[in-house]
Structures are given as C-alpha cells and as structure tokens.
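This structure is a prediction, so every number in the text was calculated from the model and none was measured. Letters go in sequence order (proteins before strands), and every chain restarts at 1.
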Amino acid sequence: MNKNLRIANNKFIDQTTRISFKFDGKTLYGFKGDTLASALLANNIHLVGRSFKYHRPRGIMGCGSEEPNAIVQVGNDASMTEPNSRATEIELYEGLEVSSQNCWPSVNFDVGAVNNFFSPLIPAAFYYKTFMWPTNFWKLYEFFIRKSAGLGKSPTEPDKDIYDHRYLHCEVLVVGGGISGIMAAKTAAKNSLNTVLIDDKNILGGTTLFQENECFKINNSYSNDWLKKEIESLKSLKNLTIKKRTSLAAYHSYNYLLARENLTDHLDLNEKKDKIRQRLWKIRAKKVIIATGAMERPLIFNNNDRPGIILSYSVKKYIDYYGVKCGQKVSLFTNNDTAYETAISLSNSGVSVNSVVDIRDKTNSLIVKQAEKLGIKIHWKSSVVNTNGYKKINSIEIMKLSDDGTAVVEKKIKEKCDCLGISGGWTPRVHLFTQSGGKLKFRDEGNVFLPDKTELDQISIGSCNGDFELDEVIKNSINLTNKFLKVSNNDYENLEIVSSKEIDKKNIWLLPSDKPFGKTKAFLDFQNDSTANDIKLALREGFKSIEHVKRYTTTGMATDQGKLSNMHALGIIAETTGVKIGKLGTTTFRPPYTPLTFGTIVGRNVGEFFDVIRKTPMHDWHIENKAEFENVGQWKRAWYYPINNENMHEAVQRESKAARDSAGILDASTLGKIDIQGSDSSEFLNRVYTNAWSKLDIGKCRYGLMLNEDGMVYDDGVTTRLSENHYLMTTTTGGAANVLSKLEDYLQTEWPELDVYLTSVTDHYGTVSICGPNSKKILSKVIPNLDLSNKEFPHMSFKNALIDNIRCRVMRISFTGEHSYEINIQSSFAKSVWEKCFEAGKEFNITPYGTETMHLLRAEKGFIIAGQDTDGTMTPVDLQMDWIISKKKYDFIGKRSLYRSDTIREDRKQLVGLLTEDPKEILEEGAQIVAEPNKQPIEMLGHVTSSYFSPNLNKSIAIAVVKNGKKLKGQKMFVPMRNKTINVTITDTVFLDKENKRLNA
Amino acid sequence: MFLINCPYCGERDQSEFTAGGEAHIVRPKQPTELSDNQWAEFLFMRKNIKGVQFERWNHTHGCRKWFNMVRDTSNDKIYAVYKMGEKPPIK
Ligand SMILES: [Zn+2]
C-alpha cells in the first residue's frame, strides 16, 4: 500500500485490519471496508483495463454500479471464476483474486492497442461494415475479436456455489437507503406499515453519509451527523426490515420486483464455504417508493478517457469515505457546484488542488465562496481542451470558452496533475421507474428526465425525482411520502437546514477543443469506445432514431448499459439535428439494472431439481434389472434392458423377438389416465373423439382419435366403459396434461350443460402390460379364477379382478398386435404385481421390454404414435384412418375442418409404409424422400417418421409421410443421404399379421 | 408479472395462470352448416388488440377454472375478471 495515498480516516474503514488480495497475480494490501477499486487506488493503480475497440488504457472512473471501465474477472478457479464484475462494487476480502479483462496479453502491454493508431479507420459500425464480407473470413475475424474483446472468461466447470430464491410480501418497499429512502422508510414503519428498505451498499446513508461540510447542515449538525442519528433510530422500528447488499434487479408490472441479495461475496474465502452465496428475492409490494438517487455525469471533451480521470464525486467518496487519495495533485473540471464539495474535501484532507476548471461564468454560491476562501484557484468560463499521459494522466490543457460556448479562445494553459475529477451534472436514476412501465418527462433545468406517469402504486423521491439541493430533498421527500402513504409524519417539520444553492447553471454536451472536430477523441461510451464523432457520423449517414444510433454506434450497449453517457448521446443528437431533447425520447432501460449471475437466476433449480422427475411404481425394479432409461416428458421410462454387453440395437432385437415368440412385459404406467364420470359421459366422448361412443357396451374398450378444432390429430388412446356413466380414458404419455386441460376447457366453456367430471388418475394406477402368445397362460397363473376364454374375455374388453385380494382392472387390449393384457392396479401394489407376473412368466421366458421395443413392435403393425408419426399437420384421412371417422355423428371436435378446401387436397402428405431395396438398410428417421434425385431443385415429397430393423420380419421397415402417398403404393422412391442414395418402395403401413390372427393366438 | 384476481380463489401470482386467447368466441352450434370462410373466421381469425381486450384465462395451478379478463394489452392493466358465461362487467 502506498502510505502517501492513505489519510488517517477510521470512520468507515478499519485501518487496523489489513487484507491481502491478488490483482493480475501480484499480491497487494488493503483494509477491511475497502472496495477493490479503493484498494487499487490506494496502491496507486489506476490502469485496470483496455477499451473494447481501440484498446486504450482505461482506469477506475467511478465508485459504484455505473462504473464503465474497472471491469474485472474474479477468481481463477474453473468453477468459481466470474467475468464482468465491477471493481467498485467488490468488497475486499482475504483471498480475493482478480485479473483485468479486455487486454491481451496484459494490461500494460496490449496487442490491440495498435487499433488506437489506426483509429481513424475504425469509425462507428466498423465491425458491421468490415467484418460482414467476405463471408468466409468471419471465422478468422471471430478468432481475433473474441481474443481481444473484453468479454471475460466463462467458468468451465459447474458453479459450486449455492443460490436461493425467496418470496417477500410487504406493504411498502423502499428502494435506496440514502437520505430520502431513510426518511420514507421511517415514516412508513412508524405508521404501522410493514416496510422493507433495501440498499445495494453494505451501509445505509448514500452520499449524505460522507457529506461533512459547513455548507450543508441540519439543526446545527453536519448533514452526515444528523443522518447517522436517523439511521440509528431505525433500529427501534418493529415494522421495518432492512436489507443491505441487496440490489434491485428488475421492476415489473403489479409491483412485482426482483432483488439480488449478496450474502457471502464480501466474506473471506474460507468463510464463504457451504453458505448461500446470493439470494433472489421475489418481492410483491403494495406500494413502492423509489429513492435510488442520481449518478454523476462525465464531461465530454478531447481525450477524456485517460486513467486518472475520475468522476468528481467519486474522488470525494474515495477521500471522505475510504480515506484514499486518487492523486497528490488533483485538478477538477466541472459545469456545476458539486465539484467544489470535492475540492473542499481534498483540500481539508491535505491533497493539493491545482484548480477547478468551470465552464460557467463566475458564480457566487455559498460553496464556491467557501472554496475561494480556502484559496482554491478557479478557471471561470474555461474548458479542458486536451489531456496528456498514456497510461495515467499527467497534465491537462485549459482554454477560455467563447461567449456562445462553441469554441475556445485565448492562450492555452498547461497544468500538471495526476488526477482529474470531472463533473457534468447529475442524472436521476429513473431506470427502475421506466422498467415498471412509467413514462418520463424532460426538465430543461439540469437537462434531466424525470418520472412522470405511472400505472402502478409507486412514487420516486429525492434526487431520482430531480431534487438535488439538500433542503429540497428533505422537504419534498417527506411531503411526497406522507401524501403517498396517506399518513402525516411531522418528525421533519421545522428542521433548520443550511444548504448551498446552485445559482448558475450551464451545460455543453460536447465541449469544444482547439483541434478541429474529427481530430479529437471525446468518449461517450467508455466501455464500447464510442465517441462524439461516431454519433455525428451515424447522423450524417442518415440514422435518426436514438435506438438506431445507439445500435449503429454501440453507444450504451456494453455491460454498463451506457448508464453514464446516455444523456450526452441524446444531447449531441439533439444539438446536431436541432431537435429538443424532450422530443427525441429516451432509450429503453431493460432489466436487470446491474448484471445478475446465472446462479442467482436459476437458484435451487439445478441438477436433479432442474425439473420434476416422475418415476413409475416399478422404477426400482427397472434399475435392479439394469434398464437404460429414456426421458419422456418428465417421466423416466425404461428404454431397454441390456444383458451382458448388449448394445441398444442388440437388446431391442432380442426383446422384440421374445415378445412375439413367447411373452414380453412392459411398464405402461406412464400412459395418461383420465377418469370420466357423469350422466353425459358418453355424449362427451362422442364430441371429443372422431368415432361413436354411445353404443359401446359396458366392459368394452375402444380406440379413439382426438383432433384439434383444425382437424389435425392431437392425441389417441384406448377408453374403457367401466359402467353406465363411468369411463377410463388413456392418453399418450406426453399428451396427458394437455388432453386433460383441453377437455376441461370444452366442458367449462363450450359445453357447460354436460354432466361430466374429469379426474386425472395417471399417478393413481400402475400399469403392467403382458403380451405375446403365452400371455394368457401367465395371466391365468396370476389371476387363476378369471375366465380368460375368448368368449368371456375377448379382445377390447375389460374385467374387474382381484390379485391377492387387491382390486385391479384388467384390459385385453394390444399396442403390439399380440394377444395381450394390461393390469391397472393401485400404484402402491404395482411393483409387487409386476414381480408376480414376471415370476409367473419365467417358465415362458417372459422378457421385460422398454419403450424402444414397444415402438418397434407397434411399427411392425403400422400403429401410429401421435407426436412421432404425426406433427400437428396430419388429419385422420392423411393417416389413412378414415375408418375411425364417424359419418353419422353430427359434430365432434375438428369435424368441420376435415372437409375444408385445404384438408381435402389430394396431394397432402399421407402416411405410408416404406421398404428398402436392401432389407438390411435401415433408414434414418427424418430422412427426406424424393422421386427424382437428380432433378434440381430437388423436390422433397416427404420424410421418414419411424424406422426399425424388424427381427420378426428379418428386414428393415419404416413409416413415412409422403405427398399423395395413398396413390403411390408400389412406387419406387429415393432417400438421398450424405454419401449414397437409398432405393425404397412405398407400401402399406401394416407389415406384420395383416389379418390380426395373433390377437387371438 | 400480473397479480390476477381469480373469481374463485382471489389474488394470485400470474405464474399460476395460463392465458387462453381472445374471449367470447362461441363455437358454432352447427359447424357443418358453415361455409369454409365462415368456419375459418371462427377457427383462425383473432383481433389481437393493442388496448382493451377481452381474454380467457385459466387458473391452471389453482382451481383449474376458466374465466374471462378485461385487460389493456398496452399497459397490462386488468379492469375486470368475471366467470365464464357471465356478461362482461364493462364494455
Ligand atoms: Zn382459482
């Protein structure tokens, strides 16, 4: 630490606790209470990065979240490293390691800095204009851009930290713990309102906290001493919750706000472990008081970006709060009174102030007089026309301004300095207000946008509402708060306030130089390197809208969202085009206000909590039997059961053969099940399915196809009539929730007259499916007293039965074309029934099979899978399932759409079978089908939707959709692949057992 | 993120609800008697208003009831919620 740069100041910084940290590999020291920025400055380190485009050296410029330059990479652990952190917001802790970004190979020697010499060649939109062509050069460009651009490094391993989300409800939320926010929070809480006060710093008080100046007094105390007592008094308020280190990220409609609380970022490395790092608060507030203050503007002049050029009030905070001198010989450059506070603070702390360069004519406010009394030199009506020093400022050049302020005149004075504090006035932080949908108004005085109309229950108070003088801040804040909360707090009546008043105001958006415009570099966006030149160039090239200029020049598009200089961009556009600023409109401020980590956004929803995992009752059995699983929606479904070293293909071939040769067993529990009851259930099914349901006998099952109102197939499944007014509908696994929602929608909105009740029972029952020629023998062992004869229990019927005295429903239905049964039983018994069936089937070599074999077996039979062979554009006619459309029914969902001009077209894509010329060749699902492979452009007639090698037919089979396919049966087609063309023939979709003999075998 | 006053449950967070498009589009009672154009009018045409709009919402993660809402799409202000079958409380 450079002793000369620290003053003895123990108010906020614990100068007895030394902390070591690493910056770019070098070990440095700071004190407890420092930010990384204040510690670096105390070590005389200003240069912390390079600018994006020209790679100019850039130094710390501010002291808070608006910092554009001091962007660093924190940590070097593969899972912990974090780019784009602002040095001004990082609280120093033991073990902190940071490195500068956007410099390669190092901050002091930067390859990209050569861009600076070529800078006339890199105007606005350089990247858009240059890197666009030739197109194939992009790969080359990208390498260099990525390498030299300051985007930081992403962690390469998963984040080990813990993040959290919580909800918070309150009557009043106060955002910002400066003087206004503190008074508002106190007022609310004292009036029995459940109040939350949040502030992004580790201490309340805002800038007033270190405002110790004769010119600002309340009841004969310094404003900071008065405020400290106010903060102290908050402790006794029961209704008040204070959250420090909590920054508001987003303000949405209906007073829904997101705030990020930093819990461990400031702790020593060894104290962070196993604690929640950051918490995202989801806040719903009845009323919101925004007291986010204002941020200081820079001034836009030639070479205003050198390290050592710092916002004036930040220079003041570093000396008054952190006890750090930003320099030994400081110059100040201002257009307003606040720089004199800085001059006085520096002077009182023993830093020599060269001079204050003020663009205004001589003014006589209280604070200016006090500065003069201290002997501080002032250059009135003057401007800094240039700065010198490459890696650190070493001098400034001062000239008098002409009367109209558009030029500089007289002799140039050179002044040596090692720091230049600049102040261009103040910009109210209206970002949250606009995020919430609020509309802004422009006030000429101070050139500020202020909150105007809002739909929400909220107010803005203090300097974010345009009050900059201490007495106005206090008076207006309390009046607005009282009115807003409909209370009358008279704590702050009759306060005796001394406050220096700014008498003269003057603003020049772009300050003139002795050099011609075009030869100067006056930076607007420090991070993205856009200059006043760029803005003017964009205007000359015809861009008029602020949003376009912004994108074209990338002004305000960096990680700081151009917080500092958006106003200057507007000002320069307004001046150049002769339009009033208020008429130009502002850019939109989008959340988050400051960047959020991904960890905070996702909270606990990582790893196994990323999504709900649904397991069937038999899940553990599948695991014990080495099943591979497939995700179907949220379900884990057994995919196949490899034995020894079988791969998927081998396992599926074996399973498929076994199911047809003897017996297979499948866990079908995931199929959607909807219990339908009520006297109009039959009529209801008539309306939702394409086929007729009124005549289905009790105890019978029927396959149904459900359409959307546009006539396209939506879902399918078997529904069983359990009793007169009671049905059990099954849906596809993935469609279950949507089908239920759709049915509820029709019942509630279109057909409220129907007496029908729907209940999802998917999770209530486990389903064991046994298929194959020996399935009957197996079931007769499991349920011996059930008559399984074809006469008593034919295909598509259902029986109630008992297994070990537990009631179950047995359906004789088939998705494989084999003789097969499905046992539905209460979930808690499903695994034992499964095991019982498996045990009973052992003598028949019963083979467990998964979804892949199920898909193969049904494809052999040409049964569709809704969602695989259909894609929301297939009608039942396209699927060649005309048989399932009732001709007699007057109406059902989608009926009218089946004869719209579009759905009766003959050349629609229709479902067909495909056989490859070479029976060993397996087509790829999704492969395109063409008739003339050599024609250009090649006409795609359709694509393969399902494809397998059938072990039961010993050949490859596929299902496809092909234009006009119905009429193309027997035709040869081609499937062009990357390195060959496969010859195929269009066939019927049923490949195996066309006569359905196996169903009764 | 809206705060929606479900007519059956009261105020709940928007995340519990699903939007269901324009309200008061009645499914024709005799679709088979409509021309292609008339059916298409029902099937496809929606107003998508910037301003006050009548729309359907479902309390999906709550009572699962469908209801109607009058909302200004330009500022998300909700003027009214009312049950299915009820007349809009405002025009
Ligand atoms: Zn509800």
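In plain terms, the two heavy atoms of A/Ser694 and A/Asn686 that are nearest each other are OG-ND2, 2.6 Å.
Interface summary for chain A: among B/Leu3, B/Leu34, B/Leu43, the most heavy-atom pairs under 4.5 angstrom belong to B/Leu3. Among B/Thr18, B/Thr32, B/Val26, the residue with the largest count of heavy-atom pairs under 4.5 Å with chain A is B/Thr32. When each of A/Glu744, A/His252, A/Lys895 is checked for heavy-atom pairs under 4.5 Å with chain B, A/Glu744 comes out on top. By number of non-hydrogen pairs under 4.5 angstrom with chain A, the leading residue of B/Lys65, B/Met84, B/Lys77, B/Arg64 is B/Arg64.
Within the 4.5 angstrom heavy-atom criterion, no atom of A/Tyr251 approaches chain B. Residue A/Tyr899 touches chain B through both its backbone and its side chain, counting heavy-atom pairs closer than 4.5 Å. In this structure, the portions of A/Asp745 lying under 4.5 Å from any heavy atom of chain B include both its backbone and its side chain. Only the side chain of B/Glu33 comes within contact range of chain A, with at least one heavy atom under 4.5 Å from a heavy atom of that chain. Only the side chain of A/Glu455 comes within contact range of chain B, with heavy atoms under 4.5 Å apart. Residue contact with chain A, scored on non-hydrogen atoms closer than 4.5 Å, involves the backbone of B/Ser35 exclusively. For a residue to count as touching a neighbouring chain, one of its non-hydrogen atoms must lie under 4.5 Å from one of that chain's; by this rule B/Ile4 does not touch chain A. Both the backbone and the side chain of A/Asp710 come within contact range of chain B, judged by heavy atoms closer than 4.5 Å.
A donor and an acceptor atom, one from each side chain of A/Lys742 and A/Asn708, are located under 3.5 Å apart. For the 3.5 Å distance criterion, the side chains of A/Gln458 and A/Asn255 fail to qualify, holding no donor opposite an acceptor. Residues A/Ser741 and A/Asn738 have side chains that never bring a donor and an acceptor to within less than 3.5 angstrom of each other.
Around CZ of A/Phe609, the count of heavy atoms belonging to other residues, nucleotides or ligands within 6.0 Å does not exceed 12. Atom CZ of B/Arg27 has more than 12 heavy atoms from other residues, nucleotides or ligands within 6.0 Å.
When each of A/Thr870, A/Thr875, A/Asp871 is checked for a side-chain hydrogen bond (donor to acceptor under 3.5 Å, both in side chains) with A/Thr873, only A/Asp871 meets the rule.
In this structure, A/Arg900 fails the cation-pi test against B/Trp39, since its NZ or CZ atom is not both closer than 6.0 Å to the six-membered ring centre and inside 45 degrees of the ring normal.
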